[in-house]
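Quick notes on the structure that follows.
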Amino acid sequence: VNICSLTSTLPVIPYRKLTDLHYISKGGFGTVFRAQHSDWRTTVAIKCLKLDSPVGERERNCLLKEAEVLHKARFNHIIQIFGVCNEPEFFCIVTEYMTNGSLDEILHEKDMYPAVAWPLRLRILYEIALGVNFLHNMTPPLLHHDLKTQNILMDGEYHVKIADFGLSKWRQLSITKGSSSKPAEMGGTVIYMPPEEYEPSKNRRADVKYDMYSYAIIMWEVLSRRIPYEECLIELEPMMRRFDEIDFLEAVLEVKRSKYMRP
Ligand SMILES: CNC(=O)c1cc(Oc2ccc(NC(=O)Nc3ccc(SCC(=O)O)c(F)c3)c(F)c2)ccn1
């Protein structure tokens, strides 16, 4: 990535302007903090490369690529980038801070959010769709491939902004073949991943369908306020245990008989 072409249109933020850093989360090889911008008098989020390990060229390029992607993908429902801090000993991207955290918290912290009214749930689903639709309408289409409720952030008015805490290579609709999906990071969840991606065959084209599948799982999760598969597994497993192997064999025989005995 050409840093000059990027920073010619994106503000470069001196490290000394970022104060009151508070740790938020750690990603692949990056860390996210909350901070204050001393000139802009506003709270920001910064996603920086690990401060301890020497910042490798590859990692720096990865974060630069992310800044470029975010800069190009500016839209109402995509997290807004304010600038980059590009200093020898400190390198990070600076974005708006989403005061109401992630959709995951709103759906599953039932003490904090005893009720989430239907109009808001529908607006959240609509705004996620607007954000993903915008990415897919870029040239070339930008695929998210890690849509999950942890990556859907909420601003002060509970409007949606799509984010991506992960730190990994970017995927665009590749005109060449090649596996495009991000491996489910250690501890990463697969509940939003389409089954065919569990074993990505190398000759798979990147396509928008992946995000569609993830969106469908998110939709179920927003409407039910439950963890996909968690309960159904809890409910299904004892049911499965009640039937022993013979019952299943008899059931199979019965359907085979009825199928071939048709008049
Ligand atoms: C309580 N509030 C918070 O804790 C909080 C934390 C926060 O931290 C960050 C989270 C994410 C990012 N970065 C990011 O989202 N990048 C990105 C890149 C590509 C695409 S689109 C194509 C694709 O996904 O490949 C995309 F949608 C997004 C960041 F810089 C900071 C920001 C706001 N609030």
Side-chain angles (χ1 to χ4, degrees), residues 1 6 10 13 18 20-37 42-49 59 61-86 91-106 109 112 127-174 180-183 185 188 192-193 206-208 210-211 214-215 218:
V1 175
L6 182 68
L10 187 66
I13 297 163
L18 299 170
D20 300 332
L21 264 65
H22 286 78
Y23 172 82
I24 292 177
S25 68
K26 195 178 287 289
F29 47 77
T31 312
V32 174
F33 296 88
R34 188 187 77 220
Q36 289 301 318
H37 190 293
T42 187
T43 306
V44 296
I46 60 174
K47 186 196 248 187
C48 28
L49 297 168
E59 287 80 4
N61 246 327
C62 207
L63 214 53
L64 267 180
K65 181 69 185 156
E66 173 169 355
E68 192 183 28
V69 163
L70 270 180
H71 193 37
K72 284 179 181 162
R74 284 185 190 281
F75 184 59
N76 304 353
H77 301 297
I78 305 289
I79 189 167
Q80 183 183 349
I81 184 168
F82 288 151
V84 287
C85 172
N86 180 25
F91 185 81
C92 71
I93 60 179
V94 183
T95 71
E96 63 182 319
Y97 180 72
M98 302 296 282
T99 46
N100 284 313
S102 74
L103 177 55
D104 186 67
E105 291 157 37
I106 289 159
E109 299 279 346
M112 191 185 299
E127 291 180 345
I128 298 170
L130 287 174
V132 176
N133 177 62
F134 180 83
L135 294 176
H136 290 178
N137 278 293
M138 287 175 71
T139 313
L142 196 54
L143 309 177
H144 192 289
H145 283 203
D146 198 12
L147 282 174
K148 50 189 176 184
T149 51
Q150 297 86 340
N151 273 337
I152 307 291
L153 298 183
M154 312 302 287
D155 71 8
E157 299 304 313
Y158 289 91
H159 282 291
V160 156
K161 302 261 180 162
I162 291 176
D164 190 346
F165 279 84
L167 273 155
S168 64
K169 298 173 298 308
W170 303 110
R171 300 151 304 285
Q172 294 185 347
L173 194 58
S174 60
S180 65
S181 65
K182 201 189 296 184
E185 279 87 18
Y192 304 96
M193 183 185 282
D207 59 28
V208 297
Y210 190 124
D211 289 336
S214 308
Y215 181 79
I218 291 171

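All residue numbers refer to positions in the sequence shown, counting from 1. Order of listing sets the numbers, starting from 1, for every ligand and every atom in it.
- A salt bridge does not link Glu127 with Lys161: none of the charged nitrogens is closer than 4.0 Å to a carboxylate oxygen.
- Rounded to the nearest 0.5 Å, atoms NZ (Lys148) and CZ (Phe165) are 10.0 Å apart.
- Here the side chains of His77 and Ile128 are not in contact, with every heavy-atom distance at 4.5 Å or above.
- Contacts with ligand 1 closer than 4.0 Å are made by side-chain heavy atoms of Ala45 only, the backbone lying farther away.
- Note that OG1 of Thr42 is 9.5 Å distant from NE2 of His37, once rounded to the nearest 0.5 Å.
- Listed by number with element, the atoms of ligand 1 under 4.0 Å from a non-hydrogen atom of Ile24 are 4 (O).
- Which of Phe165, Phe82, Tyr97 comes nearest to atom 9 (C) of ligand 1 through a heavy atom is settled by distance: it is Phe165.
- With ligand atoms numbered from 1 in the order given, ligand 1 contributes 32 (C), 33 (C) to contacts under 4.0 Å with heavy atoms of Glu96.
- In this structure, Asp155 and Asn100 have side chains that are not in contact, with every pair of non-hydrogen atoms separated by 4.5 Å or more.
- Using a 4.0 Å cut-off between heavy atoms, Leu153 contacts ligand 1 through its side chain alone, with no backbone atom that close.
- On a distance-only criterion, Asp164 and ligand 1 share at least one N/O pair closer than 3.5 Å.
- Residue-ligand proximity: Asp146 is placed with every non-hydrogen atom at 4.0 Å or more from ligand 1.
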Could you walk me through whether Met154 and Glu105 satisfy the side-chain contact (heavy atoms from CB on, under 4.5 Å) test, starting with their C-alpha distance in whole Å, then the side-chain angles of each, then the deciding distance to 0.1 Å, before giving a yes or no? CA-CA 10 Å; Met154 312 302 287; Glu105 291 157 37; over 6 Å; no
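- Heavy-atom contacts of Ile79 reach the following atoms of ligand 1: 15 (O), 32 (C), 33 (C) (cutoff under 4.0 Å).
- The contact set between ligand 1 and Ile93, taken as ligand atoms under 4.0 Å from a residue heavy atom, comprises 30 (F).
- Counting heavy atoms closer than 4.0 Å to ligand 1, residue Leu70 contributes side-chain atoms (C-beta onward) but none from N, CA, C or O.
- Counting the atoms of ligand 1 from 1 in the order shown, those under 4.0 Å from a heavy atom of Leu142 are 22 (C).
- Taking a cut-off of under 4.0 Å to the non-hydrogen atoms of Thr95, the atoms of ligand 1 that pass are 29 (C), 30 (F), 31 (C), 32 (C).
- When each atom of ligand 1 is checked for a heavy atom of Val32 under 4.0 Å away, the hits are 8 (O).
- Rounding to the nearest 0.5 angstrom, the gap separating the CD1 atom in Ile24 from the OH atom in Tyr97 is 5.0 Å.
- Under a 4.0 angstrom heavy-atom cut-off, Arg34 registers as lying outside contact with ligand 1.
- Looking only at side-chain heavy atoms (C-beta outward), Met193 and Tyr210 come within less than 4.5 Å of each other.
- Both the backbone and the side chain of His144 come within 4.0 Å of ligand 1, counting heavy atoms alone.
- Looking at Asp164, Ile78, Val132 one by one, the single match for side-chain contact (heavy atoms from CB on, under 4.5 Å) with His144 turns out to be Asp164.
- Side-chain contact between Val44 and Thr95 is absent, with no heavy atoms from C-beta onward closer than 4.5 Å.
- Between Leu153 and Val160, every side-chain heavy-atom pair lies at or beyond the 4.5 Å cut-off.
- If you check each of Met98, Met154, Glu66, Met138 against atom 13 (N) of ligand 1, the one with the closest non-hydrogen atom is Glu66.
- A heavy-atom separation below 4.0 Å is found between Gly101 and ligand 1.
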